[in-house]
Amino acid sequence: MRLSEKEISEIKDLIAFPKNVAIITHRNPDGDALGSSLGLRFFLEKYNHNIKVILPSEYPATFQYLHGIEDCVVYDLKQEETAKIFKNADIIFCLDFNALDRVDKIGPLIEDARAKKILIDHHLDPEPFVDYTYSDTGASSTCEMIHQFIHQLGAIDKLDAGIGEALFTGIITDTGSFKYSTNPATYKVAAELKEVGVDDYTLQDKIFNTLTEKQLKLLGHALVNRMEVIPGMGAGIIALTKQDYFDYDIQRGDTEGIVNFILMMDGIKVAAFMREQPTIVKMSFRSKGDISVQALARDHFRGGGHKNASGGAAYAKLEDVIERFKSVLPKYL
Ligand code: 5GP
Ligand code: MN
């Protein structure tokens, strides 16, 4: 769903004068969620708005390098402050998520807010909980869409290295360093960001070469002791147990990227990465080509996402979740 000329002109009027703006993204924010939120913040600051970026939960340490990240309000830590921000907001931007259940308890705060609500997102099946929907499932990332959004507002002259650093981050993380989900615009946007001074080499280094020893050892453990390959289905599963969480002191972000290793095997087209948490089993799915793990996550694991990258959760035992995955997978091959 693109924005119409009329909608764009209404949004232009909305942001022309200083207002209270809230920017919210999904729980367990990734590089795209954080980058799009901060990039939009830096852009809107040029119009002197009073802007708050709200994160439902804390962000991975990897993204500590992002300027302004320390100013984000984390709902889990500051619930009352968050409620006030939404109550007083004139405009709410919802970035990188398609449904209110992706922001948990913040959902009702958004629903009840009197603000004008604008969704910018690239996930499948956006839900109609906003006044303006800018949805592009062909975009590599929400960060790429923020760049296009700035273009559509006729304000690309406001792009600078600060906005660029944030937006380039999400493009790198959501495309796995330009390995998937790219389209011609992705490269054009990347080129324009580099032109305004983004140091992409340093970003790649900060994103991918800052693992701790513990994280690398956890990866080794996951591959050696927790991976099951099902050649008949062209699939692989890695499942981490509660005990693993204890033994490796696994914290938020420590398991990032592990799922991708499964797809590095020749002939493997589907990857499932399961994490046994105190009350639920969280899942990440990845696939190649026409196999839709979005449909699989949506149909069986209360989840969703993109065709080739999705996630979900189940209130069940880890073994049962693995069995359910194996039994439903053939339908999607
Ligand atoms: P990841 O595996 O990196 O956590 O998530 C991959 C993709 O799936 C992301 O685009 C994310 O938004 C989506 N996703 C992950 N978990 C869930 C979930 O529980 N529900 C829905 N609807 N989408 C999810
Ligand atoms: Mn994204």
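Counting starts at 1 for both ligands and their atoms, following the listed order.
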Before we go on, tell me: are the rings of [X] and [Y] under 6.0 Å apart, centre to centre?
X    : Y    : value
F43  : F149 : no
Y47  : F17  : no
F273 : F285 : no
F97  : H123 : no

Heavy atoms under 4.0 Å from ligand 1: which residues qualify? R102, H123, K282, S284, R286, G303, G304, G305, H306, A309, S310, G311, G312
Electrostatic pair E127-R102, nearest N-O below 4.0 angstrom: no
Any Lys/Arg nitrogen of R275 or D244 sitting under 4.0 Å from an Asp/Glu carboxylate oxygen of the other? no
Listed protein N/O/S atoms, distance to the Mn ion (ligand 2) under 2.8 Å: D32 OD2, D96 OD1, H122 NE2, D174 OD2
CG of L159 to CD1 of I146: how many Å apart, nearest 0.5 Å? 11.5 Å
D90 pairs by salt bridge (Lys or Arg N to Asp or Glu O under 4.0 Å) with which of K117, R114, K116? R114
Of N98, D174, T137, the one forming a side chain to side chain donor-acceptor pair (under 3.5 Å) with H122 is D174
